[in-house]
Amino acid sequence: MAGRPLRYRKNIPSHLYPASGCHFHIFGDSTTKKNQRLKFRYYPALFVSSLLLGLVVLFFAQIWLLENKGHQLAGLQIVKSYVLNGIMALIVFFAIYIFRNKHRDLLGFFFLGGSLIKFTLFFIFLYPGFNQDGNMERLEFLVFFVPYGFASVLETFFLVKLLNTV
């Protein structure tokens, strides 16, 4: 059996008995830290796969919903919106992941800065196409906000996970 025995000699509980150097502690500090490092290493792959899967599902669901409601998809720039939000979510996540040890106190500001950059890119690349007719409709706003909201929730979830393990 790996680990400490429950009782040592003289019926003393093992956690009160002085530990010798030959025991492997399954639930000790070194194993817990190693397991956290192992799980932590898979965060980027888990984030990328969750982001891509979620954005693809949302993309097809939004297209299906818009087609069933009879809206024209040609002028909505829906593909550009999803690609922009996906790329920016990846950039923000990897910036947070890379600087998690050096700038631990600034990770929240990296997230907020990424949101600011996303909105700036929205106004540079998407807003002029949406505002060609002089007003921006609710439908045009939702084309940007659905992938933005999903990516922001996913980034927030993984940021909390990163902050809990750093």
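Atom set for the values below is all heavy atoms of this structure, side chains included, hydrogens, waters and symmetry mates excluded. Bear in mind that the values here come from a model prediction, so they are computed numbers and not experimental data.
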Considering only distance and modelled atom types, tabulate donor-acceptor pairs under 3.5 Å from the side chains of residues 55-65, sequence neighbours left out.
residue, atom, partner, partner atom, Å
Gln62, OE1, Tyr82, OH, 2.5
Gln62, NE2, Leu142, O, 3.4

Are Ile124 and Ile91 linked, directly or through other ILVMFWY residues, by side chains that come within less than 4.5 angstrom of each other?
yes
Heavy-atom nearest pair, Thr156 first then Ser152, reads OG1-O, 2.7 Å
Salt bridge (charged side-chain N to carboxylate O under 4.0 Å, His left out) pairs, two or more places apart, involving residues 46-55:
none
Please answer: with hydrophobic residues joined when any side-chain heavy atoms are less than 4.5 Å apart, are Phe123 and Val143 in the same cluster?
yes
Nearest-0.5 Å distance, NZ of residue Lys161 to CG of residue Leu46:
9.0 Å
Should we say atom CZ of Phe109 is surrounded by more than 12 heavy atoms from elsewhere, each under 6.0 Å from it?
no
Quick one, Tyr43 with Phe93, criterion ring pair (Phe, Tyr, Trp, His ring centres under 6.0 Å). Give me CA distance, side-chain angles, the key distance, then yes/no.
CA-CA 10 Å; Tyr43 279 180; Phe93 173 77; 7.9 Å; no
Within the structure provided, determine whether Phe125 and Ser81 are in side-chain contact (heavy-atom separation under 4.5 Å).
no
Give, for atom CZ of Phe47 and atom CG of Leu52, the distance between the pair rounded to the nearest 0.5 Å.
9.0 Å
Ring-plane angle category for Tyr97 and Phe94, please: parallel below 30°, perpendicular beyond 60°, tilted otherwise.
perpendicular
Provide the full list of salt bridge (charged side-chain N to carboxylate O under 4.0 Å, His left out) pairs with a residue in residues 140-155, sequence neighbours left out, each pair given once.
Lys118-Glu155
What is the distance from atom CZ of Phe144 to atom CG of Leu121, rounded to the nearest 0.5 Å?
8.5 Å
In terms of hydrophobic clustering (I, L, V, M, F, W, Y; side-chain heavy atoms under 4.5 Å; direct or indirect links), are Leu107 and Val153 co-clustered?
no
Ser50 versus Phe157: any side-chain heavy-atom pair under 4.5 Å?
no
With a 4.5 Å limit on heavy-atom distance, are the side chains of Asn85 and Phe122 in contact?
no
Determine whether the aromatic ring centres of Phe99 and Phe110 lie less than 6.0 Å apart.
yes
May I ask you to test the Ile78-Leu66 pair for a side-chain heavy-atom distance under 4.5 Å?
yes
